[in-house]
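Heads up: the structure comes next, in structure tokens.
This structure is a prediction, so every number in the text was calculated from the model and none was measured. Side chains are part of it too, since the values below use all heavy atoms of this structure and drop only hydrogens, waters and symmetry mates. Every chain is numbered from 1 and lettered A, B, ... according to where its sequence line falls, protein lines coming before strand lines.
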2 protein chains.
Amino acid sequence: MTTSSSRTPSVPGLRATRQRAAVAGLLDELADFRSAQEIHEELRRRGEGIGLTTVYRTLQALADADEIDVLRTGTGEASYRRCSEHHHHHLVCRVCGKTVEVEGPAVEHWADRVATLHGFAEISHTVEILGVCAGCRATG
Amino acid sequence: MTTSSSRTPSVPGLRATRQRAAVAGLLDELADFRSAQEIHEELRRRGEGIGLTTVYRTLQALADADEIDVLRTGTGEASYRRCSEHHHHHLVCRVCGKTVEVEGPAVEHWADRVATLHGFAEISHTVEILGVCAGCRATG
DNA sequence: CCCGATAATGGCACTCGTTGTCGATGCCGT
DNA sequence: ACGGCATCGACAACGAGTGCCATTATCGGG
Ligand SMILES: [Zn+2]
Ligand SMILES: [Zn+2]
Ligand SMILES: [Zn+2]
Ligand SMILES: [Zn+2]
């Protein structure tokens, strides 16, 4: 919330369209990772005229521009979420999907160190933590 | 190599078939992550009569029994690799696919701590490190 | 060793997420 | 306002993975 219109800084070579604004706007108010189809359904539910293909391509464009984060579910399908700009990772509830951004120098240093130790360069990494959140544990 | 026949410890309720042995045997001699289709092709190339469906199911069974590790490529397809039994992660060359098993208490503790701090339980995690190995860097 | 219960096989059809195609549409610089 | 060109979107195509199910193979018991 509150970060609604200040986003989408008009990427050069890309045109501002109603559909892109709709997808970007929805991502702004959503907290957890959502699949392309879920985003498409929600937009249609709200009366936004938008095609599924366009949603797919818009999400891909946003991901390429590092505007959103992508992660793969257990079945291999992609999920998208608007995130803060600085490097971080995700702590996700495997029941309700609640997502928390986490960070820490510990992993970053460990990853760099262990990779360098094995003679690797141009290092990147993916880290995801899964668990069951307090809310879901209470509900049983 | 050398760990060929000592593996596949006859899981109860499962029958020992030529096809399962072929898949398990191939995984024993392969070092890097391979997709189900690659494994199928290689087995056919060697004259092993085996169906693609069977390869898919055998790999899934091996993964369920924690005999092999699974990871998703960037496109979302699954890759499989025979791994040591204890908990570890992978350092993969994004050029040649060379894979190194890595481990360290640092990540494990960090993941548990940060998850617990946010009220999460039943914590698990996925960690993959990508880079370019020394060999590939030399070759340019 | 033989046999029957049943797990496993594998060809095929099918699901489903995702991408390619391409004529219509609508931004935007001039 | 005009026109070039990025974008849109309905539809078809693609590909990994799975369900189906008749056929085959395994293995424990007789
Ligand atoms: Zn939850
Ligand atoms: Zn990191
Ligand atoms: Zn390499
Ligand atoms: Zn770990």
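Nearest to the side chain of B:L14, among D:dG17, C:dA8, C:dT18, sits C:dA8. Distance from the side chain of A:E77 is smallest for C:dG17 among the nucleotides C:dA8, C:dG17, C:dC28. Of the candidates C:dT9, D:dG9, D:dT18, D:dG9 carries the atom nearest the A:I50 side chain, counting heavy atoms from C-beta on. For A:R57, taking side-chain heavy atoms from C-beta onward, the closest of the listed nucleotides D:dG9, C:dG17, D:dC27 is D:dG9.
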Where do A:R81 and A:E101 land on the salt bridge (charged side-chain N to carboxylate O under 4.0 Å, His left out) test, with the steps shown first? CA-CA 11 Å; A:R81 179 181 190 269; A:E101 288 187 10; 3.2 Å; yes

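Each of B:A16 and B:Y56 lies near DNA chain D, and the nucleotide nearest B:Y56 is the one positioned closer to the 5' end. The 5' end of DNA chain D is approached more closely, in terms of each residue's nearest nucleotide, by A:V55 than by the other of B:R18 and A:V55.
Between the C1' atom of C:dA8 and the CG atom of B:L52 lies a distance of 16 Å, rounded to the nearest Å.
Counting only distance, with no hydrogens or angles, the side chain of A:H125 and the backbone of B:V127 share no donor-acceptor pair below 3.5 Å. Checked by atom type and distance alone, the side chain of A:R20 never pairs as donor or acceptor with a backbone atom of A:T58 at under 3.5 Å.
Listed pair B:Q37 / D:dG15 fails the phosphate criterion, with no side-chain N or O lying under 4.0 Å from OP1 or OP2. Taking only side-chain nitrogens and oxygens, B:T75 never comes nearer than 4.0 Å to OP1 or OP2 of D:dA16. Between C:dG10 and B:Q19, a contact under 4.0 Å exists linking OP1 or OP2 to a side-chain N or O. For D:dG17, neither phosphate oxygen OP1 nor OP2 lies less than 4.0 angstrom from any side-chain nitrogen or oxygen of B:Q60.
If you check distances only, the side chain of A:R72 never reaches the base of C:dG17 with a donor-acceptor pair under 3.5 Å. With hydrogens and angles ignored, a donor-acceptor pair under 3.5 angstrom links the side chain of B:R15 to the base of C:dT6. Side-chain atoms of B:T53 come within donor-acceptor range of the base of C:dC12, with a qualifying N/O pair under 3.5 Å.
A salt bridge is defined here as a Lys NZ or Arg NE, NH1 or NH2 lying under 4.0 Å from an Asp or Glu carboxylate O, and A:E48 with A:R18 meets this definition. Of the charged side-chain nitrogens involved, at least one lies within less than 4.0 Å of a carboxylate oxygen, so that A:R45 and A:E42 count as a salt-bridged pair.
Using a 4.0 Å heavy-atom cutoff across all strands shown, A:T54 reaches at least one base atom of the nucleic acid.
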